[in-house]
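Below is one structure, written out as structure tokens; comments come after it.
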Amino acid sequence: MQIPDILNLFAYDCWANARLLRAAGELSPDRYAAELGGSFGSVRNTLGHIVAVEWLYLRRWLGESPSALPDWAKSADPAALRRKLDEIEAGQKAFLATLKPTDLERPLRYTNIAGKKFEYPLGDLLFHLVNHSTHHRGQAAALIRQAGAAPPSIDFLDFRSEGKQ
């Protein structure tokens, strides 16, 4: 994977997260927080997980190893998550702008929330984060549908069809 590919994936990640948060913002607070099943139970918890993990991986790229996900992710409404994600995405863009091709192979060491140590090439961690968010966006879209709303299309090809990159 090359840096232009990584930048394209992160542009897609931002686009898809924004679309899903907008759709979640159209739900009533009760439907947004309703326990509907799935990995995290509700639209709120699933979106909170996505944004919290985006935050977590940015911290890891910057050499930190947070010992917990942030508390704000547990009960944030879509507007609050959007504000947090704006901050996180600004940090991601600043970090990505500094990358050189050799950085993608650079090993990055961190300790996960459970205290276990890991080491992966930075490029793998970048790719993993977008893949992680894509997985959970699919879950959130299903929950939005269960909550009675129509989820937006968040397919990569729709992103490309809109001329995004």
Side-chain angles (χ1 to χ4, degrees), residues 1-27 31-61 65-66 68-78 80-82 84-89 91-93 95-96 104 108 110-114 116 118-162 164-165:
M1 184 151 293
Q2 303 296 318
I3 289 177
D5 300 319
I6 295 289
L7 296 176
N8 194 34
L9 283 174
F10 274 88
Y12 163 70
D13 191 55
C14 292
W15 173 87
N17 284 337
R19 289 178 69 108
L20 211 51
L21 282 167
R22 272 194 306 276
E26 295 176 12
L27 295 171
R31 297 309 297 160
Y32 175 69
E35 290 294 323
L36 301 169
S39 296
F40 298 98
S42 67
V43 175
R44 178 191 66 208
N45 293 347
T46 305
L47 293 177
H49 176 74
I50 291 168
V51 177
V53 172
E54 296 261 352
W55 170 87
L56 177 69
Y57 273 83
L58 175 59
R59 307 293 3 126
R60 288 175 177 167
W61 304 339
S65 289
L69 292 175
D71 287 336
W72 51 255
K74 296 175 185 168
S75 60
D77 64 32
L81 285 178
R82 178 70 259 171
K84 284 293 184 186
L85 194 53
D86 287 343
E87 294 171 18
I88 296 162
E89 288 172 351
Q92 289 173 337
K93 287 177 186 168
F95 178 81
L96 294 171
L104 298 179
L108 193 141
Y110 66 92
T111 303
N112 75 359
I113 291 172
K116 188 172 179 184
F118 289 92
E119 178 179 311
Y120 294 101
L122 176 62
D124 287 356
L125 292 170
L126 296 169
F127 186 84
H128 171 75
L129 176 59
V130 175
N131 189 56
H132 172 271
S133 292
T134 297
H135 170 73
H136 290 301
R137 280 191 300 265
Q139 293 176 329
L143 291 169
I144 288 170
R145 186 176 312 284
Q146 287 177 333
S153 173
I154 50 175
D155 288 341
F156 180 79
L157 293 178
D158 289 333
F159 164 75
R160 295 297 291 200
S161 293
E162 289 185 12
K164 305 291 184 182
Q165 195 219 8

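Numbers here are sequence positions counted from 1.
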Test log, rule side chain to side chain contact (heavy atoms under 4.5 Å, CB included), inputs Asn17 and Asp13: CA-CA 6 Å; Asn17 284 337; Asp13 191 55; 3.7 Å; yes
Set of residues satisfying side-chain contact (heavy atoms from CB on, under 4.5 Å) with respect to Arg145, sequence neighbours excluded: Pro151
Sequence-distant partners of Pro152, side-chain contact (heavy atoms from CB on, under 4.5 Å), two or more places apart: Arg19, Leu20, Ala23, Ile154
Minimum heavy-atom distance between Ala140 and Leu47, given as atom pair plus value: CB-CD2, 3.9 Å
Ring geometry between Phe40 and His49 (parallel below 30°, tilted from 30 to 60°, perpendicular above 60°): parallel
With Val53, the side chain to side chain contact (heavy atoms under 4.5 Å, CB included) member among Leu129, Ile88, Leu58: Leu129
Spacing of CG belonging to Leu122 relative to CH2 belonging to Trp61, to within rounding of 0.5 Å: 7.5 Å
Worked verdict on Tyr110 versus Leu56 for side chain to side chain contact (heavy atoms under 4.5 Å, CB included): CA-CA 11 Å; Tyr110 66 92; Leu56 177 69; over 6 Å; no
Under the side-chain contact (heavy atoms from CB on, under 4.5 Å) test, residues paired with Glu26 that sit two or more places apart: none
Any donor-acceptor N or O pair under 3.5 Å, side chains Gln139, Ser39: yes
Tyr57 and His128 aromatic centres sub-6.0 Å: yes
CA sep, side-chain torsions, deciding dist, call: Leu9, Met1, side chain to side chain contact (heavy atoms under 4.5 Å, CB included): CA-CA 11 Å; Leu9 283 174; Met1 184 151 293; 3.8 Å; yes
Donor-acceptor contact present, side-chain Asp155 to main-chain Leu157, <3.5 Å: no
Residue pairs, two or more places apart or on separate chains, that pass salt bridge (Lys or Arg N to Asp or Glu O under 4.0 Å) and touch residues 33-59: Arg59-Glu64
Distance-minimising heavy-atom pair for Trp55 and Ala68: CZ3-O, 3.7 Å
Neighbour count >12 (heavy atoms, 6.0 Å) for atom CD, Gln2: no
Partners passing side-chain contact (heavy atoms from CB on, under 4.5 Å) against Ala149 (at least two apart in sequence or in another chain): Leu27, Ile144
Arg31: salt bridge (Lys or Arg N to Asp or Glu O under 4.0 Å) partners, not counting sequence neighbours: none
Atom CZ of Phe127: over 12 foreign heavy atoms under 6.0 Å: no
Whether His132 and His136 hold their rings parallel, tilted or perpendicular, with breakpoints at 30° and 60°: perpendicular
CA sep, side-chain torsions, deciding dist, call: Thr134, Tyr12, side chain to side chain contact (heavy atoms under 4.5 Å, CB included): CA-CA 10 Å; Thr134 297; Tyr12 163 70; 3.8 Å; yes
For Tyr32 against Ala76, the heavy-atom pair lying closest together: OH-O, 2.8 Å
